[in-house]
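Just so we're on the same page: letters track the sequence lines, and every chain starts at 1. Keep in mind the model is a prediction, meaning the values are calculated, not measured. All values below were derived from every heavy atom in this structure, side-chain atoms included, with hydrogens, water molecules and symmetry-related copies excluded.
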Amino acid sequence: MKFYFDSHKKNKILPTAYFQHEDVVGMAKDLIGKVLVTDFEGKKTSGIIVETEAYTGINDKAAHSYGGKRTARTEVMYQPGGVAYVYLCYGIHHLFNIVTNKKDIPQAILIRALQPLEGIDIMLQRRKKIKADYTLTRGPGSLAGALGLNRSHTGLLLGQKLIQVEDRGIVIPDSDIRCGARIGVAYAGADALLPYRFWADGNPYVSK
DNA sequence: CAAACGATTTTCT
DNA sequence: GAAAATCGTTTGG
């Protein structure tokens, strides 16, 4: 995978307004190359987003909010874009999503893989690993574990101290961004085939 | 209140 | 490649 640093751009934290854009699929693609940062208990960890999936809400059979379903768990998806949605999957893994679009339009983007940047020692500790390898932040459950994300962070506004997405000027050429069907949503029938998954081609942290 | 089910990962054969 | 690990959420009786 090729990418280069554009020094003309300043590092900037993506503002809440960014996540309230209505095109959740376009945003999932745009987030490839942005940097996800967490800073819990003085432990800063971050990584380049290299794989995402869009969940388009009430018309998307794969989304938790399909059909406008509102439960205690999915309620956060109805908030205005820019907050975190972290839920437990298979009783083991915490999956980190970013709520998008306007209030009452329950869409979200699942972050599926990162290329680690800062705090790799802390990530190793959290993941109970001795040596860094590609499995450190490959897959949604793994990256959430490495960055210390869990259900208690649901509803947290991004861009504050604890969780941020930054544009650090890392540019991944459009020709290196691939799209395809989402993973693990076979139950969604035809919607499982929609090209809502995006990834940086050739990046070793992307799910196999 | 009981039971089934995951937007997964790791380990074992 | 198959199967276990493991529990909050959701649904149905």
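- The side-chain tip of A:Arg151 does not point at the ring of A:Tyr87 from less than 6.0 angstrom away and within 45° of straight on.
- Between B:dT8 and A:Arg112, a contact under 4.0 Å exists linking OP1 or OP2 to a side-chain N or O.
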* Structure fact -> Applying the Watson-Crick and G-U criteria (both distances under 3.5 angstrom) with [ ] for crossing and | for other-strand pairs, one obtains for DNA chain B ||||||.|||||.
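- Between A:Arg73 atom CZ and C:dT11 atom P the separation is 9 Å, expressed in whole Å.
- Contacts with DNA chain C (heavy atom under 4.0 Å) in residues 55-71 of chain A: A:Lys69, A:Thr71, listed by number.
- Rounded to whole angstrom, the span from the CD1 atom of A:Ile98 across to the P atom of B:dA7 amounts to 19 Å.
- No donor-acceptor pair closer than 3.5 Å links the side chain of A:Arg178 to the backbone N or O of A:Gly202.
- The CD1 atom of A:Ile183 sits 9 Å away from the P atom of B:dT9 (whole-angstrom rounding).
- To the nearest angstrom, C1' of C:dG8 lies 13 Å from CG of A:Asn150.
- Note that CG of A:Leu114 is 9.0 Å distant from CD1 of A:Ile48, once rounded to the nearest 0.5 Å.
- Residue A:Arg182 is classed as having no contact, given no heavy-atom separation below 4.0 Å to the nucleic acid.
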* Might you work through the side chain to side chain contact (heavy atoms under 4.5 Å, CB included) test for A:Val165 and A:Leu158, ending with a clear yes or no? => CA-CA 7 Å; A:Val165 181; A:Leu158 306 193; 4.2 Å; yes
* Asked: Yes or no on side-chain hydrogen bond (donor to acceptor under 3.5 Å, both in side chains) for A:Gln107 and A:Asn101, after CA distance, side-chain angles and deciding distance?
  -> CA-CA 7 Å; A:Gln107 303 180 328; A:Asn101 215 317; 2.9 Å; yes
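- Two residues are said to be in side-chain contact when any heavy atoms from C-beta on lie closer than 4.5 Å; A:Arg197 and A:Glu51 meet this criterion.
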* A:Leu156/A:Leu162 under side chain to side chain contact (heavy atoms under 4.5 Å, CB included): CA gap, chis, key distance, verdict -> CA-CA 8 Å; A:Leu156 214 60; A:Leu162 298 179; 3.7 Å; yes
* Carefully, step by step, assess A:Val50 and A:Ile32 under the rule side chain to side chain contact (heavy atoms under 4.5 Å, CB included). => CA-CA 5 Å; A:Val50 295; A:Ile32 301 293; 5.5 Å; no
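- The side chain of A:Arg151 lies closest to C:dT9 when the candidates are B:dA7, B:dT10, C:dT9.
- A side chain to side chain contact (heavy atoms under 4.5 Å, CB included) with A:Lys29 holds for exactly one of A:Asp174, A:Asp23, A:Ile109; it is A:Asp174.
- For residues 155-164 of chain A, the side-chain hydrogen bond (donor to acceptor under 3.5 Å, both in side chains) pairs, not counting sequence neighbours, are A:Asp39-A:Lys161.
- Checking B:dG6, C:dT9, B:dT9 against the side-chain heavy atoms of A:Cys89 singles out B:dG6 as nearest.
- No continuous path of ILVMFWY side-chain contacts below 4.5 Å connects A:Val86 to A:Met77, so the two sit in separate hydrophobic clusters.
- Across the protein-nucleic acid pair, A:Met77 atom CE and B:dA7 atom P stand 12 Å apart, rounded to whole Å.
- Checking A:Gln115 against A:Asn203 by side-chain atom types alone, a donor-acceptor pair falls below 3.5 Å.
- Following rounding to the nearest Å, A:Phe96 (CZ) and B:dT8 (P) show an atom-to-atom distance of 16 Å.
- At a threshold of 4.0 angstrom between heavy atoms, the contacts of A:Leu95 are confined to the sugar-phosphate backbone, with no base atom among them.
- In this entry the distance linking OH of A:Tyr85 with P of C:dG8 reads 15 Å, nearest Å.
- Applying the side-chain hydrogen bond (donor to acceptor under 3.5 Å, both in side chains) definition to pairs two or more places apart or across chains, those involving residues 54-67 of chain A are A:Glu53-A:Tyr55, A:Asp60-A:Arg182, A:His64-A:Tyr85.
- Within the 4.0 Å cut-off from OP1 or OP2 of B:dA7, at least one side-chain nitrogen or oxygen of A:Tyr187 is found.
- Atom C1' of nucleotide B:dT9 and atom NE2 of A:His94 are separated by 13 Å, given to the nearest angstrom.
- Nearest nucleotide to the A:Val185 side chain, out of B:dT9, B:dA7, C:dT9: B:dA7.
- For A:Phe40 and A:His153, the distance between ring centers is under 6.0 angstrom.
- For A:Thr74, counting side-chain heavy atoms from C-beta on, the closest listed nucleotide (B:dA7, C:dG8, C:dT10) is C:dT10.
- Side-chain contact check for A:Val37 versus A:Glu166: some heavy-atom pair is nearer than 4.5 Å.
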* Using a 4.0 Å cut-off on protein heavy atoms (strictly under), produce a 5'-to-3' string for nucleotides 1-6 of chain C with B for base contact, S for backbone-only sugar-phosphate contact, and - for none. => ----BB
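- The stretch residues 118-136 of chain A has no heavy atom under 4.0 Å from DNA chain C, so no residue of it qualifies as close.
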